[in-house]
Asks: 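Got a structure here, written out as structure tokens. Questions coming.
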Amino acid sequence: MTKPNDKQAGLEDDMGPDRRSVLKAGAGVVAASLLTSNSAAVAEAPAGAGPYGTKAYGASSATEPLKAIQIERRAIGPNDVLLDILYCGVCHSDIHTVRGEWGPAHYPCVPGHEIIGRVRAIGPQVTKFKVGDIGGVGCMVNSCRTCEHCQEDLEQYCLNGATFTYDTPDPPSKAGFTQGGYSDRIVVTEHFVIRIPPSVNLAATAPLLCAGITTFSPIQYWKLGRGQKVGIIGLGGLGHVAVKLAAAHNAHVTVFTTSPGKLADAKRLGASEAVLSTDANAMKQLASQFDLLISTVPEAYPMEPFTELLKLDGTLVNVGAMAPLENINGLKLALGRRAIAGSIIGGIAEAQEVIDFCTARNITADIEMIQPAELNKAFDRVVNKDVRYRFVIDMGAKA
Ligand code: NAP
Ligand code: ZN
Ligand code: ZN
């Protein structure tokens with residue numbers, strides 16, 4: 001079946017020899033094996049042509065709700081992979097961005113950086129994927145690949161600026177800025193596409209591409225290990241995955257929440273204890289005990305009561321609030337040689353590592369599946385701390 005947007009992009013005609021030549025030889029084998037079960041998907045695979053008209057869900061200003069719009073994906077280049085998007089998680093960063101909370105965004109703005117899709121076509125130099133494979137795209141779609149940090153698999157800290165999956169300058173694209181995964185399909189250079197085993201729960205794996213890597217990376221960097229005490233501040237999308245990952249590292253996990261209704265869930269998710277952070281007495285009893293605290297709170301808040309929970313040389317890693325931090329007392333830090341640090345997502349090799357780590361241990365996110373039409377309601381529920389624990393959009397269910 002040819003989709004209306006394929007027609008707009010001129011894809012409805014026969015696949016000519018030029019287009020065919022862009023498909024890898026090996027892809028034909030996969031395509032043939034898929035023919036029995038999914039011949040329509042294979043027959044309409046666009047190869048080498050483009051750009052591709054794509055249905056997406058985006059905002060036209062900071063105050064407008066998301067609505068269905070049409071965007072354009074670039075033609076498949078030699079190293080590119082075209083994914084039909086199956087699922088996309090809803091991260092609080094999507095909301096910060098489209099609502100202009102991190103500064104003015106570029107509109108129309110299509111968010112989404114927890115993307116799982118099926119490979120529909122590949123460029124001639126692609127070696128990592130073949131047609132029919134499952135690929136994941138997280139928060140980055142490009143970087144310079146040559147600077148010192150890129151060379152060390154730390155593309156997120158690219159000295160020339162990583163290209164994030166949405167709202168980042170992208171001169172070759174028609175929009176001039178990247179547009180994310182709340183859409184039908186995406187074209188991404190293969191290095192930035194993560195291999196996803198087809199056997200996993202794909203929808204519940206999508207959040208690992210941001211919430212997972214963002215919390216896995218500090219757990220690895222600060223070498224959280226058996227018996228160490230870690231506190232997870234905020235039990236939302238990032239926080240609930242952090243609990244699972246920290247428990248899988250055999251750490252003693254404490255959740256700090258502002259929501260009494262989440263205390264029982266914290267333990268179900270793997271925490272040894274759960275504390276209401278508004279309970280000053282409970283907080284006092286935990287003073288000077290923690291090796292590591294990971295803060296996922298989306299806005300600045302008084303951090304001092306938490307810094308006092310760190311033991312000698314303990315570190316509070318802020319992955320939440322991307323804003324000036326409040327109320328940090330230098331004396332309290334100095335007295336325990338305590339540190340406050342920040343961390344942004346993780347590199348591509350580490351993103352593959354978290355997928356492999358979670359696949360081996362059967363770790364996925366707890367999700368609420370939604371249709372695109374429910375996105376605006378979902379945004380409000382995230383802001384109201386009411387998601388259990390990640391919304392994932394079923395992109396395949398769109399009209
Ligand atoms: P989320 O699902 O909304 O979870 C955040 C949780 O923090 C809430 O569920 C709530 O948990 C708690 N919280 C919310 N507002 C609070 C407040 N004013 N004071 C105290 N606690 C509050 O958000 P998310 O998707 O996990 O993202 C969390 C933050 O991380 C966002 O700001 C996002 O932009 C950022 N982020 C950063 C990176 C990075 O690379 N550094 C990557 C992804 C996301 P309780 O109900 O348990 O209190
Ligand atoms: Zn995110
Ligand atoms: Zn670089």
Side-chain angles (χ1 to χ4, degrees), residues 88-99 101-102 111-115 137-140 142-166 180-181 206-218 232-243 255-263 265-266 269 271 274-278 294-303 305-306 317-323 326 341-348 351 365-368 378-391:
C88 185
V90 175
C91 177
H92 206 125
S93 302
D94 303 351
I95 304 172
H96 290 310
T97 302
V98 297
R99 294 188 174 172
E101 293 167 3
W102 285 343
H113 57 205
E114 293 180 341
I115 301 165
V137 179
C139 302
M140 287 181 291
N142 217 341
S143 73
C144 83
R145 311 281 304 279
T146 57
C147 76
E148 182 187 337
H149 296 173
C150 284
Q151 294 278 305
E152 290 172 4
D153 292 330
L154 296 168
E155 300 92 341
Q156 74 275 33
Y157 302 118
C158 174
L159 291 169
N160 295 301
T163 303
F164 294 103
T165 304
Y166 53 79
L208 301 178
L209 292 158
C210 174
I213 180 64
T214 300
T215 52
F216 185 75
S217 190
I232 308 299
I233 309 170
L235 197 62
L238 265 59
H240 94 285
V241 174
V243 171
V255 164
F256 295 92
T257 178
T258 59
S259 304
K262 295 182 183 174
L263 290 170
D265 273 354
L269 292 164
V275 176
L276 264 185
S277 49
T278 46
I294 299 178
S295 175
T296 73
V297 174
E299 54 195 70
Y301 64 101
M303 271 189 179
F306 290 98
V317 185
N318 173 52
V319 295
M322 298 291 118
E326 280 180 14
S343 182
I344 285 279
I345 50 172
I348 293 301
D366 285 22
I367 64 164
E368 294 189 50
F379 271 23
D380 290 340
R381 281 189 53 202
V382 171
V383 171
N384 293 328
K385 311 184 213 176
D386 182 33
V387 53
R388 300 291 191 277
Y389 278 89
R390 196 59 137 187
F391 288 117

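The chain is numbered in sequence order, starting from 1. For ligands, and for the atoms within them, numbers begin at 1 and follow the listed sequence. Source: prediction; values computed, not measured.
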Asks: Where does the angle between the aromatic ring planes of His113 and Tyr166 fall among parallel (under 30°), tilted (30 to 60°) and perpendicular (over 60°)?
Replies: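 Plane angle under 30°, so parallel.
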Asks: Evaluate the criterion side chain to side chain contact (heavy atoms under 4.5 Å, CB included) for residue pair Lys385 and Leu235; output intermediate values, then yes/no.
Replies: CA-CA 8 Å; Lys385 311 184 213 176; Leu235 197 62; over 6 Å; no
Asks: How many angstroms lie between SG in Cys210 and CD1 in Ile345, if you round to the nearest 0.5 Å?
Replies: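 Answer for the SG-CD1 pair, Cys210 versus Ile345, is 7.0 Å.
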Asks: With only distance considered, is Tyr389 within less than 3.5 Å of ligand 1 through an N or O on each side?
Replies: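 In this structure, Tyr389 places no N or O atom under 3.5 Å from an N or O of ligand 1.
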Asks: Number the atoms of ligand 1 from 1 as they appear, then name those within less than 4.0 Å of a heavy atom of Ser93, with their elements.
Replies: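 Counting atoms of ligand 1 from 1, those under 4.0 Å from Ser93 are 33 (C), 34 (O), 35 (C), 36 (N), 43 (C), 44 (C).
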Asks: Quick one: which of Val297, Val255, Val387 has a heavy atom closest to atom 19 (N) of ligand 1?
Replies: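 It is Val297 whose heavy atom sits nearest to atom 19 (N) of ligand 1.
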Asks: Under 4.0 Å from ligand 1, counting heavy atoms only, is it the side chain of Cys210, its backbone, both or neither?
Replies: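 Only the side chain of Cys210 comes within reach of ligand 1.
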Asks: Between the side chain of Thr165 and the main-chain N/O of Gly180, is any donor-acceptor distance below 3.5 Å?
Replies: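 Between the backbone of Gly180 and the side chain of Thr165 there is no qualifying donor-acceptor contact (under 3.5 Å).
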Asks: Looking only at protein heavy atoms, identify the closest one to atom 4 (O) of ligand 1 and say how far it is in Å.
Replies: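 Of the protein heavy atoms, Gly236 CA, 3.3 Å lies nearest.
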Asks: Taking only heavy atoms of Gly234 into account, list the atoms of ligand 1 that are under 4.0 Å away from them.
Replies: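 Going through ligand 1 atom by atom, the ones under 4.0 Å from Gly234 are 7 (O), 11 (O), 12 (C), 47 (O).
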Asks: For atom 35 (C) of ligand 1, what is the closest protein heavy atom, and at what distance to 0.1 Å?
Replies: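 Atom 35 (C) of ligand 1 sits closest to the protein heavy atom Val319 O, 3.5 Å.
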Asks: From Cys139 SG over to Leu209 CG, what is the distance, rounded to the nearest 0.5 angstrom?
Replies: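 Atom-to-atom, Cys139:SG and Leu209:CG are 8.0 Å apart.
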Asks: Among His96, Arg381, Arg388, Met322, which residue places a heavy atom closest to atom 32 (O) of ligand 1?
Replies: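 That would be His96.
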Asks: Counting heavy atoms only, which of Ala274, Pro218, Ser259 comes nearest to atom 46 (O) of ligand 1?
Replies: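 The residue whose heavy atom sits nearest atom 46 (O) of ligand 1 is Ser259.
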Asks: To the nearest 10 degrees, how large is the angle at the Zn ion (ligand 2) between Cys91 SG and Cys210 SG?
Replies: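 Between SG of Cys91 and SG of Cys210, the angle at the Zn ion (ligand 2) is about 130°.
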Asks: Regarding atom 23 (O) of ligand 1: of the candidates Lys262, His92, Arg390, Glu114, which has the closest heavy atom?
Replies: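 It is His92 that holds the nearest heavy atom.
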Asks: At a non-hydrogen distance cut-off of under 4.0 Å, which region of Thr214 contacts ligand 1 (side chain, backbone, both, or neither)?
Replies: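 Just the side chain.
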Asks: I'd like to check which ligand 1 atoms, numbered from 1 as shown, lie under 4.0 Å from a non-hydrogen atom of Val382.
Replies: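 Under 4.0 Å from Val382, ligand 1 has these atoms: 3 (O).
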Asks: Within this structure, what is the CZ-OG distance for the pair Arg388 and Ser259, rounded to the nearest 0.5 Å?
Replies: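 Rounded to the nearest 0.5 Å, the CZ-OG separation comes to 6.5 Å.
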Asks: Among Thr258, Thr278, Thr296, whose heavy atom sits nearest atom 29 (C) of ligand 1?
Replies: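 Among Thr258, Thr278, Thr296, the closest heavy atom to atom 29 (C) of ligand 1 comes from Thr296.
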Asks: Carefully, step by step, assess Val90 and Arg381 under the rule side chain to side chain contact (heavy atoms under 4.5 Å, CB included).
Replies: CA-CA 11 Å; Val90 175; Arg381 281 189 53 202; over 6 Å; no
Asks: Please step through side chain to side chain contact (heavy atoms under 4.5 Å, CB included) for the pair Glu152 and Tyr157, ending with a clear verdict.
Replies: CA-CA 10 Å; Glu152 290 172 4; Tyr157 302 118; over 6 Å; no
Asks: Between Gln156 and Gly347 (side chain of the first, backbone of the second, donor and acceptor by atom type, cut-off under 3.5 Å), is there such a pair?
Replies: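 The answer is yes, because a donor-acceptor pair under 3.5 Å joins these two groups.
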Asks: If you measure from each heavy atom of Trp102 to ligand 1, is any distance below 4.0 Å?
Replies: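 Judged by the 4.0 Å heavy-atom criterion, Trp102 does count as contacting ligand 1.
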Asks: Taking all non-hydrogen atoms of both residues, which atom of Thr214 and which atom of Leu238 are closest, and how far apart?
Replies: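 Looks like CG2-CD2, 3.8 Å.
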Asks: Is any N or O atom of Ile345, backbone or side chain, closer than 3.5 Å to an N or O atom of ligand 1?
Replies: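 N/O-N/O distance below 3.5 Å exists for this pair.
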Asks: Should Ile344 be counted as touching ligand 1, given the test is an N or O pair under 3.5 Å?
Replies: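 N/O-N/O distance below 3.5 Å does not exist for this pair.
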Asks: With only distance considered, is Gly237 within less than 3.5 Å of ligand 1 through an N or O on each side?
Replies: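 Between Gly237 and ligand 1, an N or O pair is found under 3.5 Å apart.
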Asks: Distance under 4.0 Å to a non-hydrogen atom of Thr257: what atoms of ligand 1 satisfy this?
Replies: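 Result: 45 (P), 46 (O), 47 (O), 48 (O).
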Asks: From the options Pro298, Ser343, Pro260, select the one whose nearest heavy atom is closest to atom 5 (C) of ligand 1.
Replies: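 The residue whose heavy atom sits nearest atom 5 (C) of ligand 1 is Pro298.
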Asks: Angle at the Zn ion (ligand 3), SG of Cys147 to SG of Cys158, rounded to 10 degrees, please.
Replies: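 The angle at the Zn ion (ligand 3) comes to 120°, rounded to the nearest 10°.
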Asks: How about Glu326 and Pro302: do any of their side-chain heavy atoms sit closer than 4.5 Å?
Replies: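 Yes, close enough: below the 4.5 Å cut-off.
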Asks: When Ser343 is tested against each of Ile294, Val317, Asn318, Thr215 for side chain to side chain contact (heavy atoms under 4.5 Å, CB included), which residue passes?
Replies: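 When Ile294, Val317, Asn318, Thr215 are each tested with Ser343, the side chain to side chain contact (heavy atoms under 4.5 Å, CB included) holds only for Val317.
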Asks: Show your reasoning for whether side chain to side chain contact (heavy atoms under 4.5 Å, CB included) applies to His92 and Thr296.
Replies: CA-CA 10 Å; His92 206 125; Thr296 73; over 6 Å; no
Asks: Evaluate Tyr301 for polar contact with ligand 1, using N/O atom pairs at a separation under 3.5 Å.
Replies: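 It does not: no N or O of Tyr301 is found under 3.5 Å from an N or O of ligand 1.
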Asks: Of all the heavy-atom pairs spanning Ala206 and Gly89, show the shortest one and how long it is.
Replies: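 Answer, listing the atom of Ala206 first, then Gly89: CB-N, 4.3 Å.
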Asks: How wide is the angle at the Zn ion (ligand 3) between SG of Cys150 and SG of Cys144, to the nearest 10°?
Replies: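 Rounding to the nearest 10 degrees gives 120°.
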Asks: Give the name of the N/O/S atom in His113 that lies closest to the Zn ion (ligand 2).
Replies: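 Looking at His113, the N, O or S atom with the least distance to the Zn ion (ligand 2) is NE2.
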Asks: Check for a donor-acceptor pair, side chain of Glu114 on one end and backbone N or O of Cys91 on the other, with a separation under 3.5 Å.
Replies: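 Answer holds: no.
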Asks: Looking only at protein heavy atoms, identify the closest one to atom 11 (O) of ligand 1 and say how far it is in Å.
Replies: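 Answer, as residue, atom name and distance: Leu235 N, 3.2 Å.
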Asks: Could you tell me whether Leu238 and ligand 1 have an N or O pair separated by under 3.5 Å?
Replies: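 In this structure, Leu238 places an N or O atom under 3.5 Å from an N or O of ligand 1.
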